[in-house]
Amino acid sequence: MRTRAAVIREPKQDGWEIIDVDIDDPKPGEVQVKLAATGLCHSDEHLLTGDLQFETYPLMGGHEGAGVVTKVGQGVTDVEEGDHVVLAFIPACGVCPPCSEGLQNLCDNGAGLLSGRAISDDGFRVHTPDGDPVGTMCLLGTFAPYVTVHQSSVVKIDEDIPLDKAALLGCGVCTGWGSATEIGGTREGDVVVVVGIGGIGINSVQGASAAGARVIVAVDPVEFKREKAVEFGATHTCESMDDAMGLVGELSRGRMADVVILTMGVVEGKDLLPGLLLTGKGRRCVVVGLGEMTAVDAQVSILDLAMQQKTLQGAIFGGVGPRKQIPHLLHQYRAGTLKLDELVTATYRLEEINQGYQDMRDGKNIRGVIIYDEQDW
Ligand code: CXF
Ligand code: ZN
C-alpha cells in the first residue's frame, strides 16, 4: 500500500521530510494497523540530532501510536481485524526467557529496537517507491498512517478508550509512570525528584503522586512545564538540579530524596553527579532519558555511591511489560486516577511534524500528537 511517511535521509537533519512509501502486507505473525494518532516523543528528536543512529536510511520515525488492525498475517493469534490496539515501542513475545520470568519490558524481541528492521526476518516492511528499504524506529515507524509490525508490538485495548489518547501509552505514559512507581519504587510519604518535565517526566510526576509521595519536586528550566507539573501533582518546582539541592535538603530534613528520576530530553554523563547528590542514603537514582548513543563518560562520586549505598538504576518502558501496564493504566484512566487528555498540549497533521518538533524544542509542548484522518475513527 502506498502512503506517506515522515523520514530522515541520514543522521543529523534539520527536519523531517514527508515522502511516499510502500508498506508491505503482513507476513506470518504480523499485523497491519491503520493509525489514529502518534505521539511526538523526544527520542525521535535524537534521530535528527544524530544522537541515535541506525544502519538504514531513509529512516521512518515514530514509536508511540494507536489504531485499528486492518490486516493480519498467517498464524496471528493475539488480535484480529477491527481490534483497537496500542503500538508499544517495546515488544513482548511472552515466551522468551525475560518474558517468561515476568520481565516483558526486556523481551528478547527488543534486541532489534534500534536496528530499523522487522522482528521476524530482519527484513524491511517499508520501501521507497524505487524499492529501497526504509528503516523503522523501534520496530514500528508510526510517522505514517499505516504500519506493518510484529504481533508482539501490539497490545489490544477496549474500544471505549479514545485512540488518540491511548497512543500515549505506547511510550511516554508507561515509561514515566513505571519509572516512578515500579523502577523507582515510590512509597507513601516519599520525597521524589523528577528532572525534566516532558511527555515522560510529567507521567513520573503523576505516578509518584498516585503512589502517595509526600513531596514531588519537578525540575525544569521552562516555566510552562513547571506549571504543568503542579497540575499533575508536583508539590514544588525548581529550574535546575543545583537549585533543587537546597530545597530537597530542607524538605527532607537533610536526608535528600527517596527517588530521583532523570528524564531530561538529553541525559549527559555530567548529570549523574547532581542526580546522585539529590539521592538520599540507600536510595535510588533512575536514569530514563537518553544521550548520545556511543557516550560512555559518566561523572559519579564512587565514594558517595559506595559509602551511602545508593543505587544508580536504568529503566526502559518503566520496568513493566506493555501487556500488563497498558490495560492497567487504561483502567486508571477510566477511574480518573490517570490523566491522559491533559497531556496533549497540541495536535498536528503529519505534514506539520516539523512544527510539532519546533514547539517541543521551544518548550511549548508536554506532548504534541499527530492525528491521522480523524473522520475515519
Ligand atoms: C526510548 C528508548 C530507546 C529507544 C527509543 C525509545 N524510550 C523512550 O522514548
Ligand atoms: Zn518515546
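As a basis for the values below, the full set of heavy atoms in this structure was taken, side chains included, without hydrogen atoms, waters or symmetry mates. Just follow the structure's listing: the first ligand is 1, and inside any ligand the first atom is 1. FYI, the numbering just counts along the sequence from 1.
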N or O pair under 3.5 Å between Thr175 and ligand 1: no
Find out whether [X] and [Y] are in side-chain contact, i.e. whether some heavy atom of one side chain is under 4.5 Å from a heavy atom of the other.
X: Thr186; Y: Thr181; answer: no
X: Ser153; Y: Ile119; answer: yes
X: Ile370; Y: Ile353; answer: yes

How far is [atom] from the closest protein heavy atom, and which atom is that?
atom: atom 5 (C) of ligand 1; result: Cys138 SG, 3.5 Å
atom: atom 1 (C) of ligand 1; result: Ser43 OG, 3.5 Å
atom: atom 2 (C) of ligand 1; result: Phe89 CE1, 3.8 Å

Atom indices of ligand 1, in the order listed, that fall short of 4.0 Å to a heavy atom of Cys171: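 Contacts of ligand 1 toward Cys171, numbered from 1: 8 (C), 9 (O).
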Per-atom contacts of ligand 1 with Cys41, taking only distances under 4.0 Å to non-hydrogen atoms: 9 (O)
Min heavy-atom dist Leu290 to ligand 1 below 4.0 Å: yes
Ligand 1 contact by Met137, heavy-atom criterion under 4.0 angstrom: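 Yes.
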The Zn ion (ligand 2) contact by Cys171, N, O or S atom under 2.8 Å: yes
Presence of N, O or S from Cys138 under 2.8 Å of the Zn ion (ligand 2): no
Ion pair check, Lys156 and Asp78, cut-off under 4.0 Å: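 No salt bridge links Lys156 with Asp78.
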salt_bridge(Glu30, Lys71) N-O dist < 4.0 Å: no
Heavy-atom pair of closest approach, residues Ile261 and Ser179: CD1-O, 3.9 Å
Steps toward salt bridge (Lys or Arg N to Asp or Glu O under 4.0 Å) verdict (Glu352, Arg349): CA-CA 5 Å; Glu352 296 169 324; Arg349 289 177 299 112; 3.6 Å; yes
